[in-house]
Amino acid sequence: MRRLLIKKNPVFFLFLLITTSSLTILIFSLLRLPDSPPIIFTGKLRADLSDELGFFGNMIIEMLPEDLVFTAFVPSEKAFDRDLGMTKPNNTRKSKSLEDEENTYAVVSRILGFAVVPYRVEAGDVGKDETASYESLSGFTLKIWRKSGGLVVNGVETEKMGLKRGKIMVHIMDGVIMDSDFAQSVASTDTTPQDEEEPKP
């Protein structure tokens, strides 16, 4: 008699078919294993890389999208201090002027334009006695060659190579890669005379 009820009532048959299909899909989706294992230590790895890059290097890398391929030749903290006179901001100061923050951001973004190429560049990509040319994001030409296991970019040697964040390859440099105009403007700000004392009347 039940079989006759299902055959005679197509709405009941359709309801039963949909319910059975939905339950089957629900059970399989709950039992399905993940496609790839989750990465548990992502935050720790990111913090470690941030420590290696330093404050300004981290600013440069954070300006780039992680899902696109780039190679960044990031100056070390010592290079920022030595070549540009930039030091990590002191957290003990209550307020930093807006002009100082804007100047820091402008300098770091300018360095990004000189020191980042939209390609992956590793030591193996440059032949032993070859000089490779790459154009940076700002159109500045980078001449890259190998030297004792590392790379030299426009005369600046690498300190550490092969750091990665997303699809971004990072090489820490022992200097700042910049064009002559920017180097001259940096040099002129370093040689400006300090505020002289006004003569007392």
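Quick caveat, the model's predicted, so the values are computed rather than measured. Excluded from the calculations below are hydrogen atoms, water molecules and symmetry mates; all remaining heavy atoms, backbone and side chain alike, are included.
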Would you compute the distance between atom [atom1] of [X] and atom [atom2] of [Y] and round it to the nearest 0.5 angstrom?
X     : Y      : atom1 : atom2 : result
Leu64 : Arg165 : CG    : CZ    : 10.0 Å
Asp83 : Ser76  : CG    : OG    : 8.0 Å
Ile25 : Thr20  : CD1   : OG1   : 11.0 Å

Is it true that [X] and [Y] fall in one hydrophobic cluster, defined by side-chain heavy atoms closer than 4.5 Å?
X      : Y      : value
Phe55  : Val116 : yes
Met169 : Leu53  : no
Val69  : Ile144 : no
Phe73  : Met59  : yes

Only distances under 3.5 Å count here; give the side-chain donor-acceptor pairs of residues 149-160 to other protein atoms, sequence neighbours excluded, each with its distance to 0.1 Å.
residue: Asn154; atom: OD1; partner: Lys143; partner atom: N; Å: 2.6
residue: Asn154; atom: ND2; partner: Thr141; partner atom: O; Å: 3.3
residue: Glu157; atom: OE2; partner: Lys147; partner atom: NZ; Å: 2.8
residue: Thr158; atom: OG1; partner: Leu151; partner atom: N; Å: 3.3
residue: Thr158; atom: OG1; partner: Leu151; partner atom: O; Å: 3.3
residue: Lys160; atom: NZ; partner: Glu52; partner atom: OE1; Å: 2.8

task: Apply side chain to side chain donor-acceptor pair (under 3.5 Å) to Ser138 and list each qualifying residue two or more places apart in sequence or on a separate chain.
output: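 Ser138 satisfies side chain to side chain donor-acceptor pair (under 3.5 Å) with Ser136 only.
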- prompt: Among Val126, Asp125, Asp129, which one satisfies side-chain contact (heavy atoms from CB on, under 4.5 Å) with Arg146?
  reply: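 Only one of Val126, Asp125, Asp129 forms a side-chain contact (heavy atoms from CB on, under 4.5 Å) with Arg146, namely Val126.
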- request: Would you please name every residue forming a ring pair (Phe, Tyr, Trp, His ring centres under 6.0 Å) with Tyr119, sequence neighbours left out?
  value: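 Result, ring pair (Phe, Tyr, Trp, His ring centres under 6.0 Å) vs Tyr119: Tyr134.
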Heavy atoms, side chains only, cut-off 4.5 Å: are [X] and [Y] in contact?
X      : Y      : value
Ile61  : Val74  : yes
Met86  : Phe56  : yes
Ser133 : Leu142 : no
Arg82  : Glu77  : no
Ile60  : Ile168 : no

- request: Would you mind listing every salt bridge (Lys or Arg N to Asp or Glu O under 4.0 Å) that reaches into residues 109-123, with sequence neighbours excluded?
  value: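 Qualifying pairs: none.
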- request: If you link ILVMFWY side chains whenever their heavy atoms are less than 4.5 Å apart, which other residues fall into the same cluster as Leu17? By chain and number, please.
  value: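 Members other than Leu17 - counting any ILVMFWY side chain reachable under 4.5 Å - there are none.
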Who pairs with [X] by side chain to side chain contact (heavy atoms under 4.5 Å, CB included), at least two apart in sequence or on another chain?
X     : answer
Leu23 : Thr19
Leu68 : Pro65, Phe70
Leu14 : Ile18

field: salt bridge (charged side-chain N to carboxylate O under 4.0 Å, His left out) against Lys167, all qualifying residues, sequence neighbours excluded
entry: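 Partners of Lys167 under the salt bridge (charged side-chain N to carboxylate O under 4.0 Å, His left out) test: none.
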Expected list for residues 171-183: side-chain donor-acceptor pairs under 3.5 angstrom, two or more places apart:
residue: His171; atom: ND1; partner: Gly162; partner atom: N; Å: 3.2
residue: His171; atom: NE2; partner: Val121; partner atom: O; Å: 2.7
residue: Asp179; atom: OD1; partner: Phe182; partner atom: N; Å: 2.8

